[in-house]
Protein chains: 2
Amino acid sequence: MKIKIENRKEEIVTTSSKLFKEKGFSAVSMRDIAQSLGIKAASLYNHITSKQEILSIIIIGVAEKFTSGMDRIVNSDDDTISKLEQIIELHVNVTVNNADALGSLNNDWMHLLEPELSYFLKLRSQYEESFRQIIKLGVKQGELEPLNVEVMLFSVLSTLRTLYLWYAKKEGVDTKELVVQMKKVLLRGIVLKP
Amino acid sequence: MKIKIENRKEEIVTTSSKLFKEKGFSAVSMRDIAQSLGIKAASLYNHITSKQEILSIIIIGVAEKFTSGMDRIVNSDDDTISKLEQIIELHVNVTVNNADALGSLNNDWMHLLEPELSYFLKLRSQYEESFRQIIKLGVKQGELEPLNVEVMLFSVLSTLRTLYLWYAKKEGVDTKELVVQMKKVLLRGIVLKP
DNA sequence: ATTGTAAACTAACGATTGTTAGTTTTGTGT
DNA sequence: ACACAAAACTAACAATCGTTAGTTTACAAT
């Protein structure tokens with residue numbers, strides 16, 4: 001039997017995610033993480049090699065989920081509106097299933113060391129570029145308003161990226177309904193159309 | 001002559017803002033701040049009482065700018081659309097003039113100590129509540145779409161709050177034009193209207 | 001020239017940091 | 001019952017943390 005070791009490691013990572021989300025990577029000590037698990041700090045090293053490894057697993061793991069999701073959307077032959085709707089669904093789904101990891105993804109990525117830092121930055125810029133190309137094509141084909149592409153890109157992306165901060169405390173909205181509402185707000189705006 | 005002391009203190013605060021924005025409050029040491037100013041860490045204490053004081057000045061200062069701006073908007077008798085446009089202008093102006101401080105406002109507020117922490121949380125929840133009431137009234141009076149108020153609120157607010165992360169590297173857009181573009185994207189959406 | 005003070009310095013403190021070494025406990029397969 | 005390995009432990013390390021005490025430097029007012 002040897003499958004056991006991975007369970008404890010996953011426990012360390014998920015517990016660390018929660019703590020990193022609350023206070024940030026730098027403000028959480030190995031002793032904090034250990035205490036949350038009911039063990040001593042030195043015992044963590046039976047499962048992980050360093051504090052940095054925990055951070056890498058958290059960030060790279062969820063970053064790759066966004067990348068693979070985006071690749072699937074880019075390679076479909078749906079129209080622009082449908083692709084944008086799928087991106088919104090992607091973000092809501094990843095957020096709901098990895099809420100704690102998104103804190104580190106957004107705020108602690110700069111504490112990654114090489115080569116993980118460069119790898120993360122590559123994934124992020126590729127993701128943004130895929131998103132940008134979808135918007136550009138949408139404008140060109142007359143599906144989107146002819147507005148500044150960067151403003152459109154980062155307005156939508158900012159909302160999607162910080163969804164993890166506020167979806168949790170809004171019990172009134174379930175995932176399915178959240179997706180519906182966000183598609184309307186992000187794509188059609190909030191001002192009443194005549 | 002005694003007005004000199006405030007200059008150095010402001011230098012410490014603005015330099016700290018830049019460093020906190022890059023790596024976060026917890027990852028920046030007093031020695032890091034001192035080195036950026038070309039002095040030794042102990043010398044900082046001729047001007048400030050603690051690292052915490054620096055953080056308080058940064059966060060409370062910019063939080064109060066948002067609060068006073070929002071109060072002015074709430075107390076005007078403009079219609080909903082105009083109020084929302086003024087909120088967008090407020091965020092763009094504060095962001096352009098306090099770009100570095102917004103990093104701490106968004107990511108380091110949890111490292112405030114009492115009583116500043118409670119004060120900050122009060123300002124923030126009051127700001128959100130003012131924003132919420134504007135949206136609610138807009139829906140009631142038929143100026144805004146009858147969508148979920150929380151989704152509308154946090155979608156717009158998320159974009160405005162993280163503007164500091166991306167406006168800087170987009171040289172192609174000046175402030176005036178940025179405001180125009182953001183009003184259109186946030187209020188009218190990106191999908192082409194017939 | 002002398003004085004006063006703002007603002008820098010050196011040196012050090014106790015606490016905490018991530019991590020390592022070596023040891024003991026725990027639990028499972030034979 | 002025994003052996004083995006996983007996973008916990010105690011103890012300690014060198015480095016760094018925020019901060020204090022005491023001293024020196026720089027410069028403006030008298």
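Quick note on labels: first sequence line is chain A, next is B, and so on, each numbered from 1.
For the salt bridge (Lys or Arg N to Asp or Glu O under 4.0 Å) condition, no pair includes a residue of residues 103-121 of chain B, sequence neighbours left out. Residue pairs meeting the salt bridge (Lys or Arg N to Asp or Glu O under 4.0 Å) criterion with at least one member in residues 76-105 of chain A, sequence neighbours excluded: K18(A)-D100(A), K21(A)-D100(A), E89(A)-K183(A).
Residue S43(B) has a polar side-chain atom (N or O) positioned under 4.0 Å from OP1 or OP2 of dC9(C). Put simply, H47(A) has no side-chain N or O that comes within less than 4.0 Å of OP1 or OP2 on dA6(D).
A straight line from CZ of R8(A) to P of dA6(D) spans 16 Å, rounded to a whole angstrom. Atom CG in L37(A) sits about 13 Å away from atom C1' in dA8(D), given to the nearest Å. Between N46(B) atom CG and dA26(D) atom P the separation is 15 Å, expressed in whole Å. Rounded to whole Å, atom C1' of dT16(C) lies 11 Å from atom CG of D32(A). Between the CD atom of E53(B) and the P atom of dG18(D) there is a distance of 15 Å, given to the nearest Å. Put simply, CD on Q35(A) is 14 Å from C1' on dT16(C), counting in whole angstrom units. Across the protein-nucleic acid pair, L44(A) atom CG and dA6(D) atom P stand 18 Å apart, rounded to whole Å. Atom CD1 in I12(A) sits roughly 12 Å away from atom C1' in dA8(D) (whole-Å rounding).
Among the atoms of the strands shown, only primed sugar atoms or phosphate atoms (P, OP1, OP2) are found under 4.0 Å from some heavy atom of S29(A).
Residues passing the side-chain hydrogen bond (donor to acceptor under 3.5 Å, both in side chains) test with E177(B) are Q181(B), sequence neighbours excluded. Shown here are the side chain to side chain contact (heavy atoms under 4.5 Å, CB included) partners of T14(B), two or more places apart in sequence or in another chain: there are none. Residues passing the ring pair (Phe, Tyr, Trp, His ring centres under 6.0 Å) test with Y164(A), sequence neighbours excluded: none.
Nearest heavy-atom pair, M152(B) versus L147(B), reported as atom, atom and distance to 0.1 Å: CE-O, 3.2 Å.
Closest approach to the K40(B) side chain among dA8(D), dG18(D), dT10(C) is made by dT10(C) (side chain taken as heavy atoms from C-beta onward).
The aromatic rings of H91(A) and F66(A) are tilted relative to each other, their planes meeting at an angle between 30° and 60°.
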Using a cutoff of under 3.5 Å, can you pull out all pairs of nitrogen or oxygen atoms linking the protein to nucleotides 19-21 of chain C, with atom names and distances?
{"from": "dT19(C)", "atom 1": "OP2", "to": "Y45(A)", "atom 2": "OH", "distance (Å)": "2.6"}
{"from": "dT19(C)", "atom 1": "OP2", "to": "K51(A)", "atom 2": "N", "distance (Å)": "2.8"}
{"from": "dT19(C)", "atom 1": "O5'", "to": "Y45(A)", "atom 2": "OH", "distance (Å)": "3.2"}
{"from": "dT19(C)", "atom 1": "O4", "to": "R31(A)", "atom 2": "NH2", "distance (Å)": "3.4"}

